[in-house]
Number of protein chains: 2
Amino acid sequence: MAWTRDNSKRLARRSTIKDVARESGVDVSTVSRSLNHKGYVNPETRMRILAAAERLNYMPNRLARGLVTGDSHTLGLIISDIRNPFFAEMARGVEDSANHAGFDLVLCNSDLHPEKQRRYIKSLASRGIDGIIVNWAASLQPPEEDVLMSYGIPIVLLNSPTGVRKLSTVSMDNLQGGFLAGSYLLKLGHRRLALLTGPEDQARVAERQKGFLRSIESSGDKPSALILHGDQSFLGGYRMAWKLISDHPEVSAVFTHNDVMAFGALKAFAEAGRRVPDEISVVGFDNVEISQMIQPALTTINQPKYEIGAAAVELLLMLKTTPNLAAPIHRVFGVSLVERQSAMRFTQSFPTQRLEPRP
Amino acid sequence: MAWTRDNSKRLARRSTIKDVARESGVDVSTVSRSLNHKGYVNPETRMRILAAAERLNYMPNRLARGLVTGDSHTLGLIISDIRNPFFAEMARGVEDSANHAGFDLVLCNSDLHPEKQRRYIKSLASRGIDGIIVNWAASLQPPEEDVLMSYGIPIVLLNSPTGVRKLSTVSMDNLQGGFLAGSYLLKLGHRRLALLTGPEDQARVAERQKGFLRSIESSGDKPSALILHGDQSFLGGYRMAWKLISDHPEVSAVFTHNDVMAFGALKAFAEAGRRVPDEISVVGFDNVEISQMIQPALTTINQPKYEIGAAAVELLLMLKTTPNLAAPIHRVFGVSLVERQSAMRFTQSFPTQRLEPRP
DNA sequence: CTGAAAGCGCTTACAG
DNA sequence: CTGAAAGCGCTTACAG
C-alpha cells in the first residue's frame, strides 16, 4: 500500500550524497572518499556507508562530479550518416570501446555539412566532452585545424584528410586497397578495366584511384584503365555502369570506389543481360555486411571497420592522458581483398563465342 | 607570433561566466539573465554583455547549467545493435529530432542483454538524462516496468512488448504487416505458403505470424501455411529455405519475418536453382534500404523507420513536460506493402512443364 | 533594471 | 581516519 503510494508520486527525488551521509552518520566528504576509493577511510565505517548507499539506491550525479573533476566521461562521434553501413559498423566499434572504458557516446550525424559539423563540435565542447572522433568533410584547412585545437579537446580524425598536420588520425590504407583490386583483376587476365568512382577532390577517392592506376602501370603489357567519376552512391554506380555498357562494351572488369556503387553496377549489368562474373567482373570496396548476402556475392576490399572505430577511442583516451604530445599520431590499418563470386578469369566475350561456334 | 605562443599552451582555459561578467563590468547573474533572455535587463548593458561574450568566445558550461536546472538536454537511445540497418535508420530519425529540439543523443548498444540494458539505464539516469528510448528485450514484466518508472525519467518503448501497461510506446502494426503479406501472396494465386520466422515468444514475431495466418484463414479455399521457426538472421533464412527446398518442394511462396532472412532465402534458392520469382515468390519485412538494390529487388512490407524514431522523441518530449500523465500513450504506425520483383503470380511448377511438354 | 546570496551535488586539499 | 570549508560554473528567487 505504502508502496503504491510511493509509486504514484512520479518524480521521486533521487537520493544524493547528503542522504547517504545522514543515513550513515558521517560527513559527505567521507562518503565521497568511500565511494571513490580515495584517501583513507575506516573499513567499518566504509561498510556502513556502502550499505546505506545500497539501501538508498544511491547513484552519484555525474553532472556534479563532472563539474568539479572537469571530465564528463563522454565521447563524441561525428559522422556523416549512421545509415551508411560502413559508419554503423565503425560506430559500434567506437561505442563498445567507449563503453568498456566507462564512457558514454554521443552520436552526431553531420551529413558532412561544415556548418552542422561546427555546431556539433561547439555543443560537445560546451558539455565538457572528453574527446571527439570525427570524419571531416573534404580536406581540412590549417586554420580550421587550429580552431579545432583551440577547444583544448582531444580530437581524432577518421579517414585522415590530406594536409592534416597537427591532429591525430586513424585511417586505412586506401592506396593499397586500390592496388590490390587492380592487381587482382589483372592477375585474372583482364586487360580492359574501368574504375567507377567519386569526385577526385576527396582524399579517399584520389588514393584508391592512385593505387588502382599504379597496379595498371606496373603491369608489363599496357592494359587500359577507364575512369568514370560520378556519384558515390547506388544510383551513381548504376548510371556509370550503364554508360559503360553502351559506350565501352570492351571493358571486362570494373572496380568501384565502394560496395554500394558495385551494387548499382550489378543491377545495371543484370538489366542489360551481361552476366556477372561470366561476362564482366566486379570488385567493390568496404566489405559491407550485405556484400556477402547478394547474388553473386561481391568480391571486395575489406576494411577493419569495427577495429578502426575501437582504435579511434583508444587513441583518444591516450591523447587525453598525455595532452602535450610532441607530434600527432597517425594510425593506418591495412586492407585485404576478399575473394567471392563477382569476379572471375577473363574469357573471350560471350556473344562472339555464342554467335560464331567453331566447327 | 603572440598567436603562435598562445597556441602552444594546449589546454587553454575556457572562459566562464565570471570572465564575461568582469569583462563587461556587471554581475554574473546579469550575464546569466542576458544570455538566457530571462528577467529584465537594460538593452544597452545587454549589448555590452553579448559583445563581451562574443569576444571571449564564451560557451556556457552545460554541466553546470544542468546541475542547477535539473536537465541535461540529452536523450538516450538503447537499441540492440546499430549495425542492424533497421535501427540505424530509426536512430537517424531519433537523432535528427533530438538535435532539432536542442538535445544530444547518447547511443547504447545492448545486444538485448537484460543486464547490459540495466547498466545503461542506470548510467544514463546518473547523468541526469532527460529521457530514454529503448527497444526492450523480450517481454517486459510488470515489476521491471516499475523499476524503470522508479527512476522518474520519461521512457518510451519501441516495438511495444506485450503486457506493457504503464509505459508509453511507439510501434508499428505488425499484425497488419503479416496480413498484408499473406493476402498479397494469396491474391497472386499461391496456395502453398510458408512463413520463415523467429522464436514465437517475441511479440513482433507472434504478431506478424498471427496476421499472416489470419489472411490464410480468411481465404475461402483453405490454402496451406507451413511455419518454420529459427534464427532471425541471414543464416537462419538461408537454412530454413534449404529445409523448404528439400522437404517441401510444393510451396510456391514464402514470407519471411524480416528482409535479412529473405536475403538468406534468396541465396538458398539461387544455389538450389529455383528461380525467384518465376519458380518461387518471396516477400520480406522491413524494407531495409538494400532490399531495393538486390537482384531481384525484394517485395517487402515497409515500416516508417525514420518516422518511428522521430515520433519516439516527440513523445518523450511531451512526457517530459507533462509528467503526470493519467495513462500511457501508445502510438502505432501503419505499414504498407511495396511491390517489387521477388514475387509474382503463381504458375504451374516449372520442372514439370519443362520435362513434360504437351504436344 | 541589477547585484548579493544561496544552492545544485559533488570533490579535494587541509586541519585536526 | 574524519570533518569543515571552499569551490566547480551556473541559475534563481529576493532585495534594493
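In this text, all values refer to a predicted model and were calculated from it rather than measured experimentally.
Taking the side chain as every heavy atom from C-beta outward, N135(B) and L112(B) approach each other to under 4.5 Å. When side chains are defined from C-beta on, I78(A) counts as touching L124(A), because their heavy atoms get closer than 4.5 Å.
Residues R127(A) and T74(B) bring a donor and an acceptor atom of their side chains to less than 3.5 Å of each other. For the 3.5 Å distance criterion, the side chains of R14(B) and S126(A) fail to qualify, holding no donor opposite an acceptor. Side-chain N/O atoms of Y120(A) and D104(B) include no donor and acceptor closer than 3.5 Å.
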In 5'-to-3' order, the base (B), backbone-only (S) or no-contact (-) status of each nucleotide in nucleotides 5-16 of chain C, using a 4.0 angstrom heavy-atom cut-off, is ---BBBBB----

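Applying the side-chain hydrogen bond (donor to acceptor under 3.5 Å, both in side chains) test between E23(A) and each of K18(A), R48(A), R55(A) identifies R55(A) as the sole match.
Using a 4.0 Å cut-off on heavy atoms, none of the residues of residues 122-132 of chain B approach DNA chain C.
Between K166(B) and P328(B), the shortest heavy-atom distance links the atoms O-CB, 3.3 Å. Minimum heavy-atom separation, F103(A) to D130(A): CE2-OD2, 3.5 Å.
Protein atom CE of M47(A) is 17 Å distant from nucleotide atom C1' of dC1(D), rounded to whole Å.
If you check dC14(C) for Watson-Crick or wobble pairing at under 3.5 angstrom, you find it paired to dG3(D).
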